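Take a look at the structure below.
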Amino acid sequence: MEFLKAYIDYIIIGILALMAFMAIWCVIERLLFFRKININDYQNREDYDNALSENLTTIYIIYSNAPYIGLLGTVVGIMVVFYDMGLSGNIDVKSIVIGLSLALKATALGLLVAIPALMAYNALLRKVAVLSSKWKEK
């Protein structure tokens with residue numbers, strides 16, 4: 001339990017930071033790809049659509065799972081608070097509230113990663129639909 005108490009914040013923040021970095025990387029990659037795509041480079045619509053939607057799954061996975069990673073950090077933080085309360089034998093409202101508020105920061109960070117990733121995913125999905133509709137014009 002001491003390991004969790006000492007490192008849970010770093011573990012959760014590290015995972016969420018990695019997820020945020022991956023989401024930003026995928027969004028930038030897609031934007032650069034959309035700028036240089038040439039419809040004439042593709043033999044059929046399936047290959048074209050596959051190229052357009054590449055990396056969107058990664059962004060989807062990040063935006064759908066970041067809140068759960070944050071929630072995991074919150075649950076573990078609350079477990080640590082209750083564990084410490086049980087060991088100390090007394091109930092100090094101040095320490096409980098401080099511990100719970102610190103535990104909730106993980107959920108907030110998870111949402112901070114998920115919301116922009118969701119917005120980027122939806123914007124990129126719309127761009128894919130627009131570019132995909134241009135196949136008919138070929």
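We use all heavy atoms of the structure for the numbers below, so side chains are in, but hydrogens, waters and symmetry mates are not. It should be emphasised that the depicted structure is a prediction, and the values quoted were computed from it without experimental measurement.
A ring pair (Phe, Tyr, Trp, His ring centres under 6.0 Å) check over residues 86-111, counting only residues at least two apart or in different chains, returns nothing. Among residue pairs with one or both ends in residues 6-24, those qualifying as side chain to side chain donor-acceptor pair (under 3.5 Å) are D9-K105; sequence neighbours excluded. Judged as a ring pair (Phe, Tyr, Trp, His ring centres under 6.0 Å), the pairs with a partner in residues 49-106 (not counting sequence neighbours) are, in order, Y60-Y63, Y60-Y121, Y63-Y121.
Interatomic distance, L52 CG to L124 CG, rounded to the nearest 0.5 Å: 11.0 Å.
Legend: residues meeting side-chain contact (heavy atoms from CB on, under 4.5 Å) with K36, ordered by chain and number and at least two apart, are F33. Partners of D84 according to the salt bridge (charged side-chain N to carboxylate O under 4.0 Å, His left out) rule, which considers only residues two or more places apart in sequence or in another chain, are K5. Scored by the side-chain contact (heavy atoms from CB on, under 4.5 Å) test, I61 finds T57, N65 as partners (sequence neighbours excluded). Every residue meeting the side chain to side chain donor-acceptor pair (under 3.5 Å) condition with S132, not counting sequence neighbours, appears here in chain and number order: R45, D49. Looking at residues two or more places apart in sequence or on another chain, you find no side chain to side chain donor-acceptor pair (under 3.5 Å) involving T58. With sequence neighbours excluded, no residue satisfies side chain to side chain donor-acceptor pair (under 3.5 Å) with N122. By the side chain to side chain donor-acceptor pair (under 3.5 Å) test, E29 is found to be paired with N55, residues two or more places apart in sequence or in another chain being considered.
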Practice item. Would you check, one step at a time, whether the test side-chain contact (heavy atoms from CB on, under 4.5 Å) holds for L109 with I69? Key: CA-CA 9 Å; L109 289 173; I69 301 296; over 6 Å; no
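A 4.5 Å side-chain heavy-atom check between V80 and I8 finds every atom pair outside the cut-off. Between Y48 and D41, the closest side-chain pair of non-hydrogen atoms is not below 4.5 Å. Using a 4.5 Å heavy-atom threshold, the side chains of R30 and K127 count as separate.
I37 and L32 are members of different hydrophobic clusters when ILVMFWY side chains are connected at heavy-atom separations under 4.5 Å. Under a hydrophobic clustering in which Ile, Leu, Val, Met, Phe, Trp and Tyr are joined whenever their side-chain heavy atoms come within less than 4.5 Å, directly or via other members, V27 and M119 fall into different clusters.
Across all non-hydrogen atoms, the minimal contact from A117 to I59 is O-CG2, 3.5 Å. Heavy atoms only, all atoms of each residue included: A103 and T74 are closest at O-OG1, 2.9 Å. The minimum heavy-atom distance between I39 and W135, with the atom names listed, is CD1-CA, 3.5 Å.
Remark: the backbone N or O of E46 is paired with a side-chain donor or acceptor of N50 at under 3.5 angstrom.
Listed by chain and number, the hydrophobic cluster partners of V130 come to none, as no ILVMFWY side chain reaches under 4.5 Å of it.
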Show me the side-chain donor-acceptor pairs of residues 11-25 shorter than 3.5 Å, one per line, residues at least two apart or across chains.
none

